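Working notes, structure below.
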Amino acid sequence: MSEEGTPETAAAPGEKPAEKPVWERDPVVPEWRDADDDPLAAALREALPEAIRSAKTFAGDLTLDVERERLADVARELKTSHGFSLIVDVCGADYPNREPRFDVVVHLASLPPDRAYRVVRLKVQTDEATPVPTLTGVYRGANWPEREVFDMYGVRFEGHPDMTRILLWEGFNGHPLRKEFPVEGIDTGAAIYPEHYGETMGPVAGTGTGWRPPKPAPVAPVGDSADAKPEGPKEGGSA
Amino acid sequence: MSPPNGSGEPVDRLVDPLFCGEEMELSFGPQHPATHGVLRLNLRIEGERIVGCYPIIGYLHRGTEKLFELHPFFQNVPHTDRMDYVAAATNNLAYVGAVEKLIGLSVPPRARYIRTILAELQRISSHLVWLATHAIDIGAMTPFFYCFRERERVLDLFEQYCGARLTLNCMRPGGLPFDLPAGWGDACRRFCEDYPAKIAEYEGLLTENRIWKRRTVGVGVLSPEAAVDLGVTGPMLRASGVGFDLRKARPYEAYGEVEFAVPVTQNGDTYDRYLVRMAEMRESTKIVLQCLDLLPATEGGPIMAKRPRVLKGPKGEVYHGIEGPKGEIGFYIVGDGTPNPYRCHVRPPSFMNLQALPDLANGHLVADLVALIGSTDIVLGEVDR
Amino acid sequence: MVLAVLPFGLEALREAAGDTLFYYALSPALKILGLVFLAILPVITYLVLAERKILGFLQVRVGPNRVGPWGLLQPIADVMKLLVKEDTIPSRAVRWAFVLAPCLVVAPALVIFSVVPVGPPSSTPGGFSGFVTDIDTGVLFVIAVATIGVYGLILGGWSSNNKFSLMGGLRAAAQMISYEVPQGLALVGPLMLAGTMSMVGIVEAQRGARVWYVFPQLVSFFIYMVAGVAETNRNPFDLPEAESELVAGFHTEYSGMRFALFFLGEYANMIAVSAVATTLFLGGWLRPFPSVAWLSPLDVVPGAIWFALKVFVFLFVYIWFRGTFPRYRFDQLMALGWKWLLPLALANIFVTALIKLWLAR
């Protein structure tokens, strides 16, 4: 956005007096910068030592990497001492090549007229089996976004009052926003009710490409190894 | 016999004449004329009074966030249209704003003015749909037709600009796909000059109508602390007394160059949300007229920033939110050096606002629930994505 | 031609059946059938069309205009559609109640018309009079018969095995019962002025008093109008069938001809309430200013035409209300009936009695 980009680029050295307006020059790609000198990050490090792993800025957004167990503490500190009263969003991200593969990203905002408007981002890393402390005790509005993160990624939130799927139906097997979940979807019938969906049935809802569970090998006469079961379907997440 | 407010105080059963001592579980929706889409509310009611409300959503979930990862940045704009399908231009604006922030594009002034005009016209159109459906749910059939008559003019303007009425796809990262057709500015100006008289028509039917006030005053009071805690934004928040509007808090596009007021009321009930949205329609008209006045100075200017042929997102992440008609709509985009976003998450205002509904509905009557759903102004496409 | 043949046919029937049977059974039966099928049902069907057109004009659009010129054949198309529609009964509905309910709504509405006078009594005995029958307790009969309609709504709502219908039926029952009290009390005002409960007698009394009772009994008229709108479940009191809240209220599960019967009953009730209001407050078949001599050239217009005009005015007001007002919430509706209309009606009776006593001194 023109307003965001200009303060950073105006300091570029060796710039001639503006010959071309900023939208006719090449775009200036933002970069990660360290924000350890940011007053907010410093205040948080002082109040909660070891909760903040790192503080960085990208395109003007402050991002704080937080220790997973301290997420609720950091949020509470931001809410009470620094006026970040609005919970903007809780979402997740999946980096399967990294060890704790999931990211849980929380955006908080401080509202005028009490404070200047500012958005801060908290990130924690977790994997499939480790729950993240819930923010519903700090912000009631974190309830549904956390359910959505659970629904889409399988990340549980400890202490959440209603940890169930929100956008997909109960009994759905899989977490769609994981990178290995196919975009076309999975055979939602057989994935939930394998005993009802036999192989003679055609593709059911969710399999736009006609994918269906692979048939097990035919049962050979006695003496052969009967179960030459091919490798399982490429669906994400386990039951 | 005033119902409790959104803080959830229990109803005094001994003196409640509508208490009949037996709870009934009623599933309100997903097919129901009043839920504006496929929203299902599991209600527990005692006689007419609601004692429990549990929304079940997801009937319109289409996996938009997964689809975002499939396409390059500029091809994702039509996906954003289909989320809040009533206000497509503001969805587009939020998305392209986030992409521009990620890549570092700067939008030329002419494009900024036109985008502001489109966003404000879309705000008018969205509020018209809200008023029409809210009024007809409460029983007033006539404003529905009046509002849609005006909306036809707005949709005609959009059709002349980008060829589509509903799913507009009218913005691109860096600017706009087309310039305005000849005569569009005049048609838009004529609409804006006619429009305040029409708002006066709707207000004449509803604002001082005794029945309307009895159905909406005091219904679903949301306190400002509860609203902020629940993540509510937009007109619902401003009706509760919190004057937070992203157009003023962090001006984007041309909002820093035009003068407009942000209506805020204090009571936080349904009537106040009605008043705030009606006032917003008037303010939007003013913004459009001011932008139309600023446009001729940029006549012949570029409408697209200088950008590489293939937009590659750097390895970083941004969050960019704008003030949509329903609240703060934001995009969290993670780039990974490829032309596709690695992760693109939508912050939908209706999703967060709908969280407030069980608190608002508790203790009210079923008839009030319909008024509340209308005043929350949700679009299920956005709630479910 | 039928009208010319009619007296001969009736004479022949009278001679064949004998006087007693003719006057006490056949003649009223023929009158009722004629009234219902030739007068009321066509009026109801075209009232539906009129409502759609008037609502359309109120809402800046044209109503039905495809079927026939100005949509005049639309009601016929609607009736045919409803007749051939599949008749569904929910599998777990209570069959006898489900089938009986529409009849209980329509029948009382039609029966009311048997005592409403459209024209003056005939001057020659045995001639054509403007009513089917005139009983001494006409007003009481009307109120009593209208009450039976409530059963139809309750049965319809309960028998459908559907929670929304149940709620609609209960709401309808509560609403109608609450508004019957002020409605009845509002009718006591003209009764006191006229001194008789017979409908014909009340119109004659208005001719004798040389003023329509709406003027001395304005409060009563207002209460009766409001209560009448509530009795017929029309906007702004149409919560029992509020489309946006209860899908379609008590008639959610009905389709085809049964649904048409509910619809018919509602419009028949509307016309009945309008007719009773016309009779008691607007002078029935009397022309405006019945005693002013220099307006007597207006007497060529038969009383039935005046009656019809006045009823149409009421119906137009009904439709106008529907296009203008939002809907009252249920508890507000009940509060209006019990806390406002009822004391007002009682006060009206009291004041009328006082004034009558004072004038009779």
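Because the structure is predicted, anything quoted here is derived from the model rather than measured. Within every chain, numbering begins at 1; the chains are lettered A, B, ... in the order of the sequence lines, protein sequences first and strands thereafter.
- Remark: A/Phe58 CZ to B/Lys315 NZ distance equals 11.5 Å, nearest 0.5 Å.
- With rounding to the nearest 0.5 Å, the separation of CG in B/Asp384 from CD in A/Glu148 is 9.5 Å.
- In this structure the side chain of A/Pro112 never reaches within 4.5 angstrom of the side chain of B/Lys248, judged on heavy atoms.
- The shortest distance between side-chain heavy atoms of A/Val105 and B/Tyr319 does not fall below 4.5 Å.
- Considering all non-hydrogen atoms of both residues, B/Pro308 and A/Pro27 come closest at CD-CG, 3.9 Å.
- Heavy-atom distances place the side chain of A/Thr164, and not its backbone, under 4.5 Å from chain B.
- When all heavy atoms are compared, the tightest approach of B/Phe351 to A/Pro145 is CE2-N, 3.8 Å.
- Here the side chains of A/Leu177 and B/Glu69 are in contact, with some heavy-atom distance below 4.5 Å.
- Scanning all heavy atoms of the two residues, the minimum distance from A/Ser85 to B/Val228 falls at O-CG1, 3.1 Å.
- The two atoms that bring B/Val383 and A/Leu167 nearest to each other are O-CD2, 4.0 Å, heavy atoms only.
- Counting only heavy atoms from C-beta outward, the side chains of A/Arg140 and B/Gln355 never approach each other to under 4.5 Å.
- The closest side-chain heavy-atom distance from B/Tyr342 to A/Lys179 is below 4.5 Å.
- A/Val183 touches chain B through backbone and side chain together, each having a heavy atom under 4.5 Å away.
- In this structure, the side chains of B/His345 and A/Met152 stay at 4.5 Å or more apart for every pair of heavy atoms.
- Interface remark: A/Asp114 contributes no atoms to any contact with chain B (heavy atom separation under 4.5 Å).
- In this structure the side chain of B/Tyr332 never reaches within 4.5 angstrom of the side chain of A/Val88, judged on heavy atoms.
- In terms of heavy-atom proximity, B/Val232 sits nearest to A/Leu86 at O-CD1, 4.0 Å.
- The closest donor-acceptor contact from the side chain of B/Lys306 to the backbone of A/Val22 lies at 3.5 Å or more, if one exists at all.
- Contact annotation for A/Arg121: only side-chain heavy atoms (C-beta onward) come within less than 4.5 Å of a heavy atom of chain B.
- The CZ atom of B/Phe244 lies 4.5 Å from the OH atom of A/Tyr117; values are rounded to the nearest 0.5 Å.
- A/Glu31 has its side chain out of reach of B/Pro314: every pair of non-hydrogen atoms, C-beta onward, lies at least 4.5 Å apart.
- For A/Trp144, the parts lying under 4.5 angstrom from a heavy atom of chain B are both the backbone and the side chain.
- Of the atoms belonging to A/Arg147, it is side-chain heavy atoms, and not backbone ones, that fall under 4.5 Å from chain B.
- The pair A/Asp61-B/Lys101 counts as a salt bridge, with a side-chain nitrogen and a carboxylate oxygen less than 4.0 angstrom apart.
- Contacts between A/Lys56 and chain B at a heavy-atom distance below 4.5 Å are absent for every atom of the residue.
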